[in-house]
Structures are given as C-alpha cells and as structure tokens.
Amino acid sequence: MKMRVSDYIVYFLKAKGIKDVFGYPGGMVTYLMESIDKDPDVNQYLLYHEQGAAFAACGYAQVSGLPGVVYATSGPGATNLITGIGNAYFDSIPLICITGQVNTNEAKTVKTIRQQGFQETDIIDIIKSITKYCVYIDNADKIPAELEKLYINAISGRPGPVLIDIPIDIQRSEIEFKPIKAGYEQCEINRDKYDEYYNLIIDKLANAKKPIIIAGNGINIANCKKDFLVFTQKLQVPVVTSMISVDLLSNDNSLNFGFIGAYGHRCANIIVSASDLIICVGSRLDIRQTGTDLSAFAPSAEIIRMDTDTSELLNNIKNDEIKLNLDISKFLNYFNNQLSVRSVKSAWLSKCKKVKDLLDGIDRLSPNKYAYEISRLIPSGAVITTDVGQNQVWVAQSFEVKKNQRILFSGGHGAMGYSLPAAIGAFIATKKPIYCFVGDGGFQMNIQELQTIINYNIPIKIFVMNNKSLGMIRHFQEMYFDSNFVMTNTKKGYNAPDFTKIAKAYGLDILKTNTIDDLSKLNDKIGNNKPLLVDISLRGMTYVYPKLVFGRPTQEQEPLLDKILLEKVMNLL
C-alpha cells in the first residue's frame with residue numbers, strides 16, 4: 001500500500017500518541033498542513049510567530065510527557081524556530097521540529113553559492129550545535145527510519161530537540177506504508193551498579209551530620225517527582241532545589257528549604273554552606289547556583305552527583321566529588337524499594353527549621369508580595385508559566401507552591417518572550433486554566449499570541465508585572481555603570497504601551513491594579529473559563545533581593561544580613 005509522505009508523518013505522530021501539533025503556515029509545509037487537517041485525530045494550532053509556536057511546543061512537552069511537535073516553512077520560518085530549539089536543548093525538553101524545504105531540483109548543488117531556491121536556507125548546518133539529531137531528507141524512502149530515529153533521540157537519555165528538513169517534492173511523494181510500534185524499547189536496569197550506588201549513599205548518610213539534598217529539574221524531566229518525594233521522606237533530610245525546579249516540593253512540605261543560587265532563598269544558601277554531605281539529584285550545579293568561587297560553595301561538604309548526562313558530570317564542582325551516571329527515574333524507584341528504615345537526622349533538621357523561621361520574609365519586597373498574594377488564589381494542580389527577568393525571580397522566590405502545581409521557566413537559555421506561548425502549549429496539553437506571569441519587556445516579544453488565545457478561547461490568566469523598564473538589566477546598570485540606564489527605562493529609549501488597551505483590542509477581559517488590595521477583584525475572575533489580562537503597575541524602580549554580587553559566596557547575598565541576626569543563624573548551625 002502506498003502513502004503520501006506528509007500523510008505518513010501524521011500517521012507516525014499519531015502512533016506515538018502525539019495528537020497536537022503547533023506551527024505557522026508557509027509554502028513549503030502546505031502538504032503537511034493539509035495532511036494534518038484531514039486527520040480528525042490530530043489537531044494543529046496556529047501561532048502568530050514561529051518562535052511562539054516553538055515555545056508553545058516546549059510548554060506542551062513540559063507538562064504532557066510527550067514530545068512537543070512544531071512545523072515551519074523554509075528560510076525565515078525555519079530560522080525563527082531557533083530560539084525555541086535552543087530553549088528545548090538547554091532545558092532538556094523533547095521537541096520534534098519539522099521544517100519544509102525547497103524542491104530538491106531547486107536546491108543549490110554548488111556549496112559556495114549562497115542560495116539557489118527562493119527562501120532556501122541550510123537549517124541543518126545552522127542548528128547542529130543545539131539539537132540531539134537533525135537530518136535533511138533527500139530520498140522519500142528514508143522517511144520511516146528517520147522519523148523513528150528522531151523520536152528516539154528526542155525522548156531517550158537526556159531529552160532534547162531534533163529536526164527533520166523535508167523538501168516539498170518529497171512531502172508529496174509516495175512511499176510504501178510500514179506499520180510502526182508505539183513508544184520504544186527501553187534498556188534494562190543495571191542492578192549491580194544500582195546496588196553499589198545504593199550502598200554508597202547509605203554509608204555516606206550514616207557518617208554525615210549535616211546532609212542535604214539538592215534537587216534539580218532533571219527530576220521533572222524524568223517524570224519521577226512522586227518517586228523523588230518518597231525518596232526525601234525516607235531520608236528525612238533538608239531539601240533545597242534549583243530555581244527552575246521550585247515546583248518539586250509544595251510550600252507546606254516540612255523538608256522544603258527553598259531554592260539556591262544568586263537570587264535564591266537565603267535559608268537555602270546558608271544551609272548548603274553549612275552542610276557536610278550534598279546529594280545532588282538531576283542538577284548541573286551551574287555558576288548561578290554555586291557562585292563563581294567554587295571553593296566557597298559548601299566548603300565542608302562531600303558531594304554525590306546523580307545525572308543522566310555524562311557530559312554534565314565532567315563539569316567539576318569539587319575535585320573529589322562522587323559522580324553517579326544513571327537513569328534518575330529508575331534509580332529512585334530502585335532505591336525506594338530497597339530502603340525500609342528512614343535515615344533520620346532530627347537534630348540537624350530541627351536546626352534548619354529554626355534558621356528558616358528566623359529568615360522568613362525578611363526580603364519580601366512589594367513585587368514579591370504581589371506574586372505571593374496571586375499564588376494564594378491559584379488552585380492545586382495548576383500550571384504556571386514565567387518569563388525571564390525580575391518577574392521570573394519574584395515568582396520563584398515568593399510563589400506559594402501547592403501540591404501538583406507545575407511552574408515552567410526558560411532556564412538555561414533564559415529566553416524573554418517564553419511565558420505566553422508556553423502557557424498556550426501547556427493549556428493544549430492539560431485543558432486546564434493556566435496562569436502566566438510576564439514582565440512588560442518579555443511580554444512585548446510575543447504579544448501577538450494574544451490572538452491565538454482568542455482564536456482557541458484559551459482561559460489563560462496573564463499577570464503583567466509592569467515596571468515600564470527592563471528591570472533586571474536596569475539594576476545591573478545601576479550597580480556597574482553608574483546608573484546610566486541606556487535602553488532600559490523610559491528616559492533612555494525603552495517604553496511600554498497601555499497593555500489593557502491592547503488586550504481589549506484582541507478581546508481579552510482586563511483588570512488594572514495599582515495596589516495589592518486591588519487583587520481582591522480577581523476573586524470572581526481567577527477560576528472562570530475566560531482569558532484575562534491583569535496589568536500590575538509597579539511604582540518606582542524595582543529590585544530583586546536577595547541578590548548575589550559577583551565574586552561573593554552564595555551565603556553572602558545582598559543586602560547583607562544584620563550582624564546580630566547573622567550571628568544567631570550561624571550559631572544555630
């Protein structure tokens with residue numbers, strides 16, 4: 001039986017359980033678009049910029065556990081995907097990108113010429129460094145095998161983005177139909193190694209007096225949050241997280257001591273500095289977490305690092321650290337089944353709780369209070385997205401995380417404009433109301449996706465933390481450039497419009513707030529099935545505190561603690 005290539009692609013995605021696709025129309029993907037349209041089981045969603053489509057596919061993948069799929073035409077369509085591809089690569093998000101390409105007979109045959117076909121662009125060479133696998137199809141018969149290779153690369157090991165570039169004449173070609181299997185075969189657990197790792201951790205815990213767990217986003221990526229929570233309850237030691245994994249533990253979890261790093265919770269950074277054993281699960285411990293002076297990071301601690309990616313383990317934090325290359329999901333499950341007795345460090349845990357109580361709320365600025373008060377209105381099980389900049393940190397620092405909530409960030413890539421389209425993708429995956437935090441800067445990068453929200457009646461609640469500046473960079477300029485706010489505030493080149501007027505033009509419900517008390521007006525709107533934009537006017541210059549100054553250890557964030565309070569804290573530990 002013969003089948004058109006574009007039809008086979010849709011059949012393949014459906015066989016793998018993928019029934020939602022994001023994209024933007026273009027001449028070189030018209031066959032694919034038509035094939036999706038005629039299949040009643042697969043939905044395609046139009047976003048108004050290819051970058052937005054890629055971010056939406058990222059948000060979809062982050063909450064669904066399935067690869068996100070995005071398509072774009074050749075040339076500018078393909079290159080507009082690059083930022084989303086980078087986001088997926090650095091945050092380990094499974095993303096399948098399908099780009100159209102000019103007919104094979106139009107493609108350049110002489111490498112030294114720049115272009116032969118209209119909108120011809122060699123996207124493969126451009127994105128090789130930020131994909132796990134990418135391929136140009138020059139023969140239709142290669143499609144079945146290459147699609148399977150793409151899928152396996154996207155989801156296996158450390159997940160990430162893949163791309164297939166398909167000329168339009170190949171999309172309309174016919175190939176022999178070949179039935180395919182759902183999913184893929186996974187490797188068996190190396191139980192001998194896991195026994196060794198299990199015994200190592202138990203022995204180290206037995207000898208430690210001040211152990212902690214650092215939990216990274218690798219746990220969310222591996223979809224093993226439940227096993228991780230069992231792991232922590234059995235060990236009964238303090239847990240701190242990276243910023244982009246703050247949703248792993250709810251605020252009411254007695255083992256949760258916040259997130260570490262440059263903008264992290266003081267309590268978390270101070271506890272790490274006093275620890276004598278760190279069990280690091282799925283976090284790469286980048287400079288934002290450790291500070292630039294690695295010798296000052298947990299100076300008395302031995303570190304055990306668990307990671308799926310062997311390359312991340314090559315980045316030494318300490319010369320004598322113990323590196324365990326493993327599948328986090330399988331190992332946590334294995335560990336939990338072996339451990340019958342809890343490793344309780346009650347005295348250490350009690351001291352950490354006293355430190356947390358002493359430091360609670362001392363850095364809560366006005367924007368943090370907005371993030372906190374809004375979080376109290378958002379139900380358990382909801383998905384929250386943040387953009388990049390001050391809004392992101394205010395949410396990470398002050399959001400009251402409830403059970404089964406997910407908070408999505410653009411972590412490693414740090415891409416402004418991520419939050420709104422990611423929220424759209426998250427809604428398509430969950431069909432539940434989504435809560436989207438943005439700054440006035442990042443919001444303008446993909447503001448056109450308000451039309452997508454209206455087109456599909458997506459009940460997203462958008463909170464614009466509006467300080468009419470690029471606040472994070474403005475603060476940097478204040479510290480290091482003698483307050484010369486070039487291109488970051490309204491006096492020096494930057495500005496923002498009245499977002500409520502724009503939202504109203506698109507057809508969204510709106511609310512403008514000037515005080516925290518105004519948030520009471522949200523009570524009737526927060527849970528309904530209508531999209532809403534809330535413009536939060538932040539007065540004066542805004543800041544993120546605590547904040548680490550370059551070269552200082554993470555436990556010495558600014559503003560520095562009062563000497564008497566610092567002495568109390570250190571005496572406890």
Side-chain angles (χ1 to χ4, degrees), residues 1-16 18 21 23-36 50 53-54 57 67 69-82 84-85 88-89 94-156 160-180 184:
M1 184 178 91
K2 294 279 189 178
M3 178 181 278
R4 196 169 75 183
V5 165
S6 58
D7 292 338
Y8 184 85
I9 294 169
V10 178
Y11 159 72
F12 178 90
L13 295 175
K14 190 164 62 169
K16 298 299 185 183
I18 301 166
V21 178
Y24 191 85
M28 299 300 106
V29 286
T30 47
Y31 282 96
L32 178 62
M33 290 158 53
E34 198 237 2
S35 292
I36 299 171
E50 292 89 353
V69 178
V70 60
Y71 65 76
T73 194
S74 62
T79 57
N80 280 344
L81 293 177
I82 291 173
I85 292 171
Y89 187 72
L95 186 68
I96 297 174
C97 305
I98 304 170
T99 52
Q101 189 53 273
V102 300
N103 288 298
T104 51
N105 64 355
E106 295 178 77
K108 63 180 183 179
T109 53
V110 180
K111 279 288 185 180
T112 54
I113 66 172
R114 294 191 179 186
Q115 186 184 60
Q116 186 159 315
F118 172 67
Q119 290 189 333
E120 180 187 13
T121 303
D122 185 356
I123 190 63
I124 297 298
D125 276 352
I126 291 172
I127 53 86
K128 276 181 180 176
S129 68
I130 52 169
T131 53
K132 287 186 69 181
Y133 182 73
C134 56
V135 62
Y136 170 80
I137 302 297
D138 57 6
N139 185 318
D141 292 331
K142 294 180 180 179
I143 282 285
E146 289 294 348
L147 286 175
E148 190 68 34
K149 197 180 292 186
L150 281 165
Y151 177 79
I152 290 171
N153 271 283
I155 65 174
S156 62
V162 295
L163 184 143
I164 185 167
D165 193 35
I166 315 175
I168 190 168
D169 58 324
I170 288 180
Q171 291 178 45
R172 62 175 176 261
S173 300
E174 291 194 334
I175 58 173
E176 287 294 331
F177 171 74
K178 294 180 181 179
I180 58 175
Y184 76 109

Taken in chain and number order and not counting sequence neighbours, the residues that satisfy ring pair (Phe, Tyr, Trp, His ring centres under 6.0 Å) with Y11 are Y8, F177

Sorted by chain and residue number, the ring pair (Phe, Tyr, Trp, His ring centres under 6.0 Å) partners of F118 (sequence neighbours excluded) come out as none

Self-check item: Under 3.5 Å donor-acceptor, K132 side chain and Y89 backbone
Solution: no

Open item on the list: Test your reading of the model: is there a side-chain donor-acceptor pair from E120 to the backbone of K108, 3.5 Å cut-off?
Closed with: yes

Problem set entry | side chain to side chain contact (heavy atoms under 4.5 Å, CB included) assessment of C97 paired with I164 | CA-CA 6 Å; C97 305; I164 185 167; over 6 Å; no

For [X], give me all partners under side-chain contact (heavy atoms from CB on, under 4.5 Å), at least two apart in sequence or on another chain.
{"X": "Y133", "value": "V135, E146, K149, L150, N153, V162"}
{"X": "N139", "value": "D141, K142"}
{"X": "A53", "value": "F22, L47, V70"}
{"X": "V69", "value": "L13, I18, V21, I96, I98"}

About how many Å separate [atom2] of [Y] and [atom1] of [X], when rounded to the nearest 0.5 Å?
{"X": "I36", "Y": "Y71", "atom1": "CD1", "atom2": "OH", "answer": "5.5 Å"}
{"X": "I85", "Y": "I126", "atom1": "CD1", "atom2": "CD1", "answer": "10.0 Å"}
{"X": "I166", "Y": "S74", "atom1": "CD1", "atom2": "OG", "answer": "12.5 Å"}
{"X": "I143", "Y": "S6", "atom1": "CD1", "atom2": "OG", "answer": "10.0 Å"}
{"X": "L163", "Y": "I127", "atom1": "CG", "atom2": "CD1", "answer": "4.5 Å"}

Margin query: Check this for me: does any side-chain nitrogen of one of E176 and K2 sit under 4.0 Å from a carboxylate oxygen of the other?
Written below: yes

Salt-bridge contact E148-K178 (side-chain N to carboxylate O under 4.0 Å):
no

I need the minimum non-hydrogen distance between [X] and [Y], along with the two atoms involved.
{"X": "I155", "Y": "P67", "result": "CG2-CG, 3.4 Å"}
{"X": "Q116", "Y": "A107", "result": "NE2-O, 3.7 Å"}
{"X": "I175", "Y": "A140", "result": "CG2-O, 3.4 Å"}
{"X": "L95", "Y": "G84", "result": "CD2-O, 4.0 Å"}
{"X": "D7", "Y": "S35", "result": "OD1-OG, 2.6 Å"}
{"X": "P25", "Y": "V29", "result": "C-CG2, 4.4 Å"}

So side-chain hydrogen bond (donor to acceptor under 3.5 Å, both in side chains) across residues 163-174, not counting sequence neighbours, yields T99-D165, Q101-D165, N103-R172, T104-D169

- Item | Within-4.5 Å side-chain heavy-atom neighbours: I130 and I82 | yes

Side-chain touch P144/F12, heavy atoms, less than 4.5 angstrom
no

Sorted by chain and number, sequence neighbours left out, salt bridge (charged side-chain N to carboxylate O under 4.0 Å, His left out) with K128 holds for D125

Those residues at least two apart in sequence (or on a different chain) that pass side-chain hydrogen bond (donor to acceptor under 3.5 Å, both in side chains) with E34 are R4

side-chain hydrogen bond (donor to acceptor under 3.5 Å, both in side chains) filter on E50, not counting sequence neighbours, yields N80

